[in-house]
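In what follows, every chain begins at residue 1, and chains take the letters A, B, ... in the order their sequences are listed. Quick note: numbers below take in every heavy atom, side chains included, and nothing from hydrogens, waters or symmetry partners.
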Amino acid sequence: MENLLAARAQMGMALGFHIVFAAAGIALPLLMVIAEWRWLMTGREVYLTLAKRWAKGAAILFAVGAVSGTVLSFELGLLWPTFMGYSGAIIGMPFSLEGFAFFTEAIFLGIYLYGWKRVPPLAHWLSGVAVAFSGMISGVFVVIANAWMNCPRGFEMDVTHGTAVNIDPVAAMLNPMAFSQCLHMTIAAYAATGFLAAGVHAFFLLRNRNDEFHRCALGIALSVGGIAAILQPISGDLSAQAVAKYQPAKLAAMEGLFKTQTRAPLCIGGIPDEAARETKYCIEIPGGLSFLAYHDFNAEVKGLDAFPREHWPNPLIVHLSFQAMVGLGTLMMLVGAWGALAFLRTRKLPDGTWYLRTLLVVAPAGMIALEAGWFVTEFGRQPWIVQGVMLTKDAVTPMPGLTVTFLFFTGLYLALSAMVVWLLVRQFKGGDTETRGHGDAVSLDSHA
Amino acid sequence: MPLELIVAGVMLVALNFFALSGGADYGGGVWDLFARGPRAKAQRALIAGAIGPVWEANHVWMILVVVVLFTGFPVAFAAIATALHIPLTLVLIGIVLRGAAFTFRSYDSQRDHVQRRWSYVFSISSLITPVLLGVTVGALSAGAIRVDHGVVTTGFFQWVARFPFAVGVFALVLFAFLAAVYLALEASDVELKEDFRRRALIAGVCVGVMALVVFLLASSDAPKVRAGLSASVFALPLHGATALCAVGAFATLWLRKYAAARIFAALQVSLILWGWALAQYPCIVAPDVTIESAAAPAATLRFLVLALASGAVLLFPSLYYLMKVFKGKPI
């Protein structure tokens with residue numbers, strides 16, 4: 001495998017693995033904080049059990065997320081030293097800030113998990129709130145860095161020396177794509193995790209509709225996931241407009257649009273054929289793309305033909321990923337709306353057999369949409385690592401033999417994933433008496 | 001004081017905190033490997049209990065060093081990540097394995113054979129990671145890595161040498177020493193305290209031996225650092241203070257005054273680190289990459305220092321709160 005491809009594959013795999021845990025690390029603390037709040041308000045023991053169970057899940061996921069995040073901070077340098085040498089001074093700040101947010105999250109998670117009997121109830125709950133908040137903020141900081149890669153600001157290029165000058169790190173962070181990207185990713189984390197948790201609890205409810213624990217859990221998971229899923233298309237619209245303005249080549253690839261045109265059609269489904277320069281088998285909505293991108297049916301949308309051939313992102317990967325993301329996101333929105341309507345009508349938890357079965361099927365949709373969305377934004381920016389400034393191939397390390405590390409880390413990550421799934425399943429079955437182990441590290445004052 | 005010196009100072013402070021906290025966590029892992037005798041299980045439980053609530057927070061010091069390095073000294077970061085790609089990749093693998101093994105061990109079945117399996121992964125990775133970290137630091141001092149206009153010209157294997165590996169073993173015994181001292185203090189059972197007192201004394205002797213080895217090797221393999229270690233006006237007082245703390249640590253350990261021993265051990269390790277930094281100054285990668293030459297522009301450094309200061313105001317009270325909740329009262 002060629003070195004650049006190995007480097008991209010390794011980074012992509014590390015990111016793809018990390019994002020699931022990062023999303024859960026952002027959203028699960030919110031779920032557990034809501035559960036603990038309900039316990040503090042109502043005194044119902046079931047909410048306490050739920051908070052503790054979710055906290056344990058958060059602990060496992062957080063640990064794996066922390067480790068995979070460390071890998072990423074190292075791999076930024078190990079795989080892309082030229083990129084880091086050039087950009088570190090410009091966009092290193094959000095990573096430093098993310099480090100602080102993460103540090104705070106780790107500290108308060110330690111207090112939350114192990115301090116049930118050591119701090120007063122309000123202090124304990126506030127620790128949980130601190131975890132939820134700093135988790136969200138650390139995600140925002142990292143996405144700001146990615147937004148800069150898509151829309152680089154806050155510096156000037158000195159072409160004679162190949163360096164960046166007049167660096168303004170604040171302007172770099174406040175780049176025009178930061179807001180829409182951060183909003184979209186944050187909502188995505190809540191939607192994906194909420195639906196995943198909802199699916200798990202729906203599974204248990206299908207066996208026993210009256211299980212109090214799973215009813216309470218589903219209520220909270222569905223509220224968070226459903227609201228997020230309903231808001232996400234609005235955020236998506238904001239993102240689409242930003243991409244149209246600042247990364248028109250990415251938009252063209254996303255939509256499979258080869259020809260620049262006014263009244264550009266929205267292309268639903270379909271398979272882009274780069275050689276033939278057309279997207280086949282799609283369902284066309286005339287003027288749809290012009291409207292979505294510019295809120296004007298007559299606006300001109302740039303197709304791939306407006307860009308040099310060597311600067312085209314891969315339309316097949318980008319378009320299919322985009323369709324997957326939008327399709328799944330729409331599905332989640334509909335399922336969320338269905339649940340909301342049922343709740344408004346009956347004032348009770350929506351627990352019909354068909355609804356629960358739907359939740360079960362839709363459970364992984366959010367995480368898949370999350371990965372698909374990252375495919376869109378990263379593949380859509382190629383061949384650039386910093387849009388219009390640095391090509392990915394110029395950023396990679398001169399170290400040869402990256403195929404070896406790629407294969408090794410892939411194996412490691414697969415093993416880790418398998419273990420995590422297995423442990424979470426154990427955790428959620430309530431665990432057997434054996435998991436109540438010795439030492440403070442394990443006792444966690446478990447009720448289960 | 002120039003901004004880049006402040007930022008470099010912050011990195012050193014973060015490294016110091018890492019050594020005293022995260023480093024000791026790794027040291028604890030090493031003692032897990034050497035848990036022996038009738039109280040082996042209790043030793044392991046003590047170690048797990050000590051590391052459990054704090055290892056992730058401690059770990060973040062290392063991430064802070066990495067992040068401040070690539071924000072404040074991006075060219076140095078790029079050079080280090082290129083020249084030391086291999087040991088850093090191995091460090092990474094060690095970090096992943098240790099973190100995962102420790103977490104999985106806590107949450108997996110408590111049956112003995114399962115626990116033992118995870119313990120091996122945990123303890124062996126806890127042993128290898130400090131060695132490789134030390135190798136990385138040693139390679140930065142040896143002067144064999146050459147960087148010309150930001151490009152590494154000496155390949156990927158300059159770290160395969162006596163001096164870096166001596167520093168690696170030195171780092172290992174330092175972390176093990178620290179951990180043993182901490183554990184002697186934290187154990188409530190008298191016999192457990194004796195176990196770790198013994199280990200601390202042995203590790204302390206190893207520290208002395210390795211310090212001498214590193215110092216002697218430096219003459220031939222890392223001459224600039226050797227000069228820095230003896231020539232600077234700070235050298236004598238620094239070495240003197242380090243030696244005093246070493247003696248203090250031994251004495252208090254011998255006399256079973258564990259709280260005092262912890263302070264002496266922590267001071268000793270910190271002084272060794274600062275001594276190295278002083279000898280290394282002003283280089284980040286000896287001899288071509290200096291603090292001044294690799295520094296990011298002033299705008300970035302200013303923002304960084306501001307962010308670090310604000311972060312510290314937030315962080316230190318939180319960290320203190322964490323430690324107070326768990327380390328204040330005996331478990």
Side-chain angles (χ1 to χ4, degrees), chain A residues 56 59-60 62-64 66-68 70-71 73-78 81-82 84-90 92-93 95-97 99-100 102-104 106-111 113-115 118-119 167-170 397-399 405 408 412 416 419 423 426-427 434-435 437-442, chain B residues 45-46 48-49 51-54 56-57 59-60 62-64 66-68 70-75 77-82 85 88-89 91-93 95-97 99-100 103-104 106-111 150 152 156 296-297 299-300 303-304 307-308 311 314-315 318-319 321-322 325-326 331:
Chain A
K56 266 199 223 171
I60 297 175
F62 187 82
V64 181
V67 167
S68 57
T70 309
V71 172
S73 64
F74 272 63
E75 280 189 350
L76 278 173
L78 292 173
T82 313
M84 290 311 294
Y86 186 91
S87 327
I90 310 170
M93 276 313 304
F95 286 109
S96 311
L97 295 167
F100 273 113
F102 179 78
F103 210 158
T104 312
I107 291 171
F108 285 101
L109 188 61
I111 295 174
L113 291 172
Y114 298 97
R118 290 173 176 252
V119 297
I167 293 177
D168 180 354
V170 178
T397 178
M399 174 85 200
T405 37
F408 184 83
L412 189 60
L416 279 179
M419 271 318 303
L423 280 178
R426 287 201 77 192
Q427 219 28 262
E434 288 179 19
T435 54
H438 45 73
D440 206 47
V442 196
Chain B
L46 179 69
I51 297 178
V54 296
E56 285 164 60
H59 216 217
V60 182
M62 184 199 281
I63 301 184
L64 195 64
V66 171
V67 164
V68 171
F70 72 56
T71 309
F73 305 99
V75 173
F77 179 75
I80 294 172
T82 308
H85 182 111
L88 287 173
T89 302
V91 163
L92 199 54
I93 293 171
I95 292 174
V96 171
L97 285 178
T103 307
F104 293 152
S106 304
Y107 290 95
D108 201 348
S109 155
Q110 295 295 298
R111 276 195 288 257
V152 174
F156 304 102
T300 307
F303 191 359
L304 184 58
L308 289 170
L314 216 80
L315 220 53
S318 313
L319 210 52
Y321 184 48
L322 177 73
V325 170
F326 295 106
I331 297 167

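Taking the side chain as every heavy atom from C-beta outward, B:Pro74 and A:Tyr86 never approach each other to under 4.5 Å. Contact of the B:Val66 side chain with the A:Phe95 side chain is not registered, since no non-hydrogen atoms from C-beta on lie closer than 4.5 Å. In this structure, the side chains of A:Phe408 and B:Ile93 come closer than 4.5 Å at one or more pairs of heavy atoms. Looking only at side-chain heavy atoms (C-beta outward), B:Leu97 and A:Leu412 come within less than 4.5 Å of each other. Under the 4.5 Å side-chain criterion, counting only non-hydrogen atoms from C-beta, A:Ile107 is not in contact with B:Tyr321. Contact of the A:Asp168 side chain with the B:Phe303 side chain is not registered, since no non-hydrogen atoms from C-beta on lie closer than 4.5 Å. With contacts defined as side-chain heavy-atom distances shorter than 4.5 Å, the pair B:Thr82/A:Thr82 does not qualify. Contact of the A:Phe100 side chain with the B:Leu308 side chain is registered, since non-hydrogen atoms from C-beta on lie closer than 4.5 Å.
Contact count versus chain B (heavy atoms, under 4.5 Å) is highest, among A:Ser68, A:Gly99, A:Ser87, A:Gly77, for A:Gly77. Between chain B and the residues A:Thr397, A:Ile167, A:Thr405, the most heavy-atom pairs under 4.5 angstrom are made by A:Ile167. When the candidates B:Gly150, B:Ser318, B:Ala296, B:Ala79 are compared by the number of heavy-atom contacts under 4.5 Å with chain A, B:Ser318 comes out ahead. By number of non-hydrogen pairs under 4.5 angstrom with chain A, the leading residue of B:Leu88, B:Val91, B:Ile80, B:Val152 is B:Leu88.
Contacts of B:Thr300 classified as side chain to side chain donor-acceptor pair (under 3.5 Å), with partners at least two apart in sequence or in another chain: none.
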Would A:Phe103 and B:Ile63 count as a side chain to side chain contact (heavy atoms under 4.5 Å, CB included) if you check the C-alpha gap in whole Å, the side-chain angles of each, and the deciding distance to 0.1 Å?
CA-CA 10 Å; A:Phe103 210 158; B:Ile63 301 184; over 6 Å; no
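Of the atoms belonging to A:Val71, heavy atoms from both backbone and side chain fall under 4.5 Å from chain B. In this structure, chain B has heavy atoms under 4.5 Å from both the backbone and the side chain of A:Phe62.
The OG1 atom of A:Thr70 sits 8.0 Å away from atom CE of B:Met62, with the distance rounded to the nearest 0.5 Å. In this structure, CG on B:Leu304 lies 8.5 Å from CG on A:Leu97, to the nearest 0.5 angstrom. With rounding to the nearest 0.5 Å, the separation of CZ in A:Phe74 from CD1 in B:Ile95 is 4.5 Å. The OG atom of A:Ser73 sits 7.0 Å away from the CZ atom of B:Phe70 when rounded to the nearest 0.5 Å. We find the CD-CG distance between A:Glu75 and B:Leu92 to be 6.0 Å, quoted to the nearest 0.5 Å. If you take CG on B:Leu322 and OH on A:Tyr114, they are separated by 11.0 Å, rounding to the nearest 0.5 Å.
Shortest non-hydrogen contact noted between A:Pro81 and B:Ala78 is O-CB, 3.3 Å.
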